[in-house]
Number of protein chains: 2
Amino acid sequence: METKARKVLIADDEPDILEILKYNLSNEGYEVITAKDGDEALEKARRTLPDLVVLDVMMPKKTGVEVCQLLRAQPAFKETLIIFLTAVNDEGTQIKGLETGADDYVSKPVSPKVFLSRVNALFRRLNKTEARILTIENMTIDPERFIVKVGENEIVLAKKEFELLYLLALKPGRVFLRNEILNQVWGNDVIVGDRTIDVHIRKIRQKLGVDCITTVKGVGYKFEL
Amino acid sequence: METKARKVLIADDEPDILEILKYNLSNEGYEVITAKDGDEALEKARRTLPDLVVLDVMMPKKTGVEVCQLLRAQPAFKETLIIFLTAVNDEGTQIKGLETGADDYVSKPVSPKVFLSRVNALFRRLNKTEARILTIENMTIDPERFIVKVGENEIVLAKKEFELLYLLALKPGRVFLRNEILNQVWGNDVIVGDRTIDVHIRKIRQKLGVDCITTVKGVGYKFEL
DNA sequence: ACCGATATTAAGTTATCATTAAGTCTGTGT
DNA sequence: ACACAGACTTAATGATAACTTAATATCGGT
């Protein structure tokens, strides 16, 4: 059930690193494009539209951060995954990287094992968000328009509400732990209180008017019509 | 409470770092043991058998790398997760660290947020094999859905009830001592009276309506259809 | 029949969730 | 720049299910 190969663009000025990462990614079935500086990275990114861009922070011509910002400014790269490679142990830089819109960063020297697992993790996360319309009995959940149809009623949910419902509905019956929900809907590093989830659950139940979310006390929530 | 708290051993010679990491891990429900040098780390690791060992690379007595190698040499620590903390930008050290068998490394200065998300990620990866659906004759115990099916009836158990039944059903026929049950379901450090187990057993028997738990007087309980 | 151990029941305690309201943040239109 | 609206988060309170305990009954082996 292999879909088409994921395209990965790697930009780094050290040929050795390019080689190592290219070798490992190829072995995993990725299609790899390489660039040796910021300008080349930008140009190749625009031309090949990769699924993932790996950027060394310190590069000639343009730094990884600059490239990232320029890419993110274009609609075509809004959803593209971006990973920074950084030798800088400075936390400030790392955080700034993430704020610029990177999805992860890996510190140098790079361990191929760690790098691969990060890449795989990112794509895994992406797959889950893949927009497809869910239909469970008389309920339709449409991620394109943030709309839920129950029978003939069209109900509009807010973003977080929708993402939460969508997550649960992806696997009806399966219990999602509060931590899983936080990770998937809010992100690994965002810290919000537990009660926040409850409030969103409540709004969903209220708006839908149908009892489709079951509480499993001490564990989490599950979708169940 | 979790099925069983994950034990984490942190070894670092800087008391501040120990405190910060301990605080954050405890908040996430981990059980934390600390050590201030390599020898102490080794000794406590052997005694407490943690699920995860966090090792500062630069420590008195023995370095983190040495501790890691010594641990990995023992069968008991083949599967234990190991993370290195390193302030060293030295490439050689880090690479050697990973070759020694560390699962990840985090560079200092440590951001608690980043550190936590790495730890959680490691355990998440490890957990993939844990939740499996048990089927014994016409009974199905599904931890993912938190449901027990007997024939066509779906029975909802409370958290402790479910965990208790799941534990027994993992090894049908095997007798679990009351102490084992307490450790697995309630955790090593929680103190509850013996009667508590009886009450939960009773609720399970009552809810299932099937006689699947046998009392072994003076010893414990076992699952048996 | 007696004793130690478990079963049962009911009542007490706690943890967790639901609900509400108020506060913060963000973006939009004037 | 301003204010307004909607989305999101937090905090406080109340409700309830889950859990624990304790008191009493029952069972099984000697």
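Naming convention: chains lettered A, B, ... in sequence-line order (proteins, then strands); numbering from 1 in each chain.
No salt bridge links A:Lys61 with A:Glu40; every basic N to acidic carboxylate O contact stays at or beyond 4.0 Å. Between A:Arg178 and A:Asp194 there is a salt bridge, since a side-chain N of the basic residue sits under 4.0 Å from a carboxylate O of the acidic one. Under 4.0 Å is where a charged nitrogen must lie from a carboxylate oxygen, and between A:Lys62 and A:Asp39 at least one such pair does.
What separates CG of A:Leu164 from P of D:dC8 is a distance of 11 Å, to the nearest Å. Spacing between atom CH2 of A:Trp186 and atom C1' of D:dT9 amounts to 10 Å, rounded to whole angstrom units. Per the geometry, CZ belonging to A:Arg205 stands 13 Å off P belonging to C:dT20, to the nearest Å. With rounding to whole Å, A:Lys203 atom NZ is found 13 Å from C:dA22 atom C1'. Straight-line distance from the NE2 atom of A:His200 to the P atom of C:dA18: 14 Å, rounded to whole Å. Atom P of nucleotide C:dT16 and atom CZ of A:Arg195 are separated by 9 Å, given to the nearest angstrom. Atom CG in A:Asp194 sits about 15 Å away from atom P in C:dA15, given to the nearest Å. Summarising the geometry, the separation between CZ on B:Arg202 and P on D:dC19 is reported as 16 Å, rounded to the nearest angstrom.
With rounding to the nearest 0.5 Å, the separation of CD in A:Glu137 from CG in A:Leu225 is 5.0 Å. To the nearest 0.5 Å, atoms OG1 (A:Thr140) and CD1 (A:Ile147) are separated by 11.0 Å. Rounding to the nearest 0.5 Å gives a distance of 11.5 Å between CD1 of A:Ile213 and CD of A:Glu224.
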What pairs of nitrogen or oxygen atoms, one from the protein and one from nucleotides 26-30 of chain D, lie under 3.5 Å apart?
unit_1: D:dC27; atom_1: O2; unit_2: B:Lys217; atom_2: NZ; d: 3.3

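Taken residue by residue, residues 154-163 of chain A places no heavy atom nearer than 4.0 Å to DNA chain C.
For B:Tyr221, no side-chain nitrogen or oxygen approaches OP1 or OP2 of C:dA5 to under 4.0 Å.
Note on A:Thr215: only backbone sugar-phosphate atoms sit closer than 4.0 angstrom, heavy atoms only; bases stay farther off.
Annotation: of the two residues near DNA chain C, B:Val219 and A:Val216, the 5′-most nearest-nucleotide partner is B:Val219. If B:Lys207 and B:Val199 are placed on DNA chain D by their nearest nucleotide, the residue sitting closer to the 5' end is B:Lys207.
When the options A:Lys171, A:Arg174, A:Lys222 are evaluated for a salt bridge (charged side-chain N to carboxylate O under 4.0 Å, His left out) with A:Glu180, the one that passes is A:Arg174.
With sequence neighbours left out, B:Phe146 forms a ring pair (Phe, Tyr, Trp, His ring centres under 6.0 Å) with B:Phe162.
Residues A:Leu165 and A:Ile141 form a side-chain contact, since some pair of their non-hydrogen atoms from C-beta on lies under 4.5 Å apart.
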